[in-house]
Amino acid sequence: MTTEERDKLYLAPTYARFPVHIVRGEGRRLFDADGKEYLDLASGIGVNIFGCRDAEWTAAVEAQLGRLAHASNLFYTDPCVELAEALVLRTGLKKVFFCNSGAEANECAIKAARKWGEEHKGAGYYNIVTMKGGFHGRTLATVAATGQEEFHRDFLPVTEGFAYCEPEDADGLERAVTEHKCAAIMLETVQGEGGVVPLSEGFLRAAADIAKRHDILLIVDEVQTGMGRTGAFYSYMSFGIAPDIVTSAKGLGGGLPIGAALFGERTADVLTSGTHGSTFGGNPVVCAGACNIVGRLTPEFLSEVARKGEKIKTALAGADGIECVTGRGLMLGVKTVRPAADVLAALRDEGVIAIKAKDKVRLLPPLNITDDEIDTAVRAIRKVCAK
Ligand SMILES: Cc1ncc(COP(=O)(O)O)c(C=O)c1O
């Protein structure tokens, strides 16, 4: 049996996989079982931000693997302390909780917000207002936080304690915050799974202002937008807002699973001993790799991400068969005249891998993609969209 056949036989069919069997990666190149080479514009859904087999990251991971793979949170270990310190110094936030995925990071943020609401606002102040079209994960609480009915449908009853508002509707957000006993507002600055929909600076500032005036928390989900993806270390940093909780995952691990919830001044002491935990959270090997990633996201590197994003946008905007290009930095959504799935299949024939977000072609290339590789990608996208 082929790998594809065994996959269909043994794996829960939660993913409609592309008909590609990846066996190896090298930088921004992926290779399938037949030896076909692809330019990677997906980075494993925004994870491999320095591409595959990145020498520095691999060395950091391998060195730690040779010392200690796992100890658990019952002990002190160096890599997780180093990573937490690096994130705190970089953001001005105060404390970090490590877990293993974006959903878990958001789950942690939701728990912390509920505890904060109860302690600071009173009984019943547990509601969190999230944005329609947003996406926060696949666990029961994060599915409930996800403001899209299609994710709720099969899993009723939806976990209580969430209200939804249209992004860009500041009045609606204020109404929702007033009508419910709220602990927090939670949002992404660019709705990734929702179709690469950026929220405007005006709305983000208004949301921060509403949270402040109503004395509730602002949670920013940076799972997809974080780690330089939009051209800032965390995307909220471009908008002069100061969230109380920031969640991070994907690119933070650079290829290994990690999640993190970062807590600001008001929330630093909410989660106390025994209130939350994770066996693998802060795993030494993952954290050693993540320290390497964080250290390389210099201001110069980040401004290059922004420049490359603009370069792709300019090269694609207005091209034949392309309706619009949305997003920030190297998190881009291309609305094509042809159905996105057809464009993705045609791109694979051209040796380029991209993914979908709703009805758009989504580009999340490794952040160290070169200008030559961008030219190759743009040529292929323009060619298949024009058909
Ligand atoms: C904004 C956002 N939050 C949360 C998640 C869930 O992350 P994970 O799949 O690591 O649980 C995702 C995943 O795509 C995401 O894009």
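Order of listing sets the numbers, starting from 1, for every ligand and every atom in it.
The existence of a salt bridge linking D349 and K383 is excluded, since no basic side-chain nitrogen approaches an acidic carboxylate oxygen closer than 4.0 Å.
In this structure, the side chain of T130 engages the main chain of A145 through a donor-acceptor pair within 3.5 Å. Panel note: side chain N106, backbone H136; a donor-acceptor pair is recorded below 3.5 Å. At least one donor-acceptor pair under 3.5 Å links the side chain of K250 to the backbone N or O of I45. For the pair T267 (side chain) and D244 (backbone), a donor-acceptor distance under 3.5 Å is present.
For ligand 1, the 4.0 Å heavy-atom shell takes in S101, G102, A103, N106, F135, H136, G137, E188, E193, D221, V223, Q224, K250, ordered by chain and residue number.
Residue A141 comes nearest to I110 through the heavy atom pair O-CD1, 4.1 Å, listed as atom of the first residue, atom of the second, then distance.
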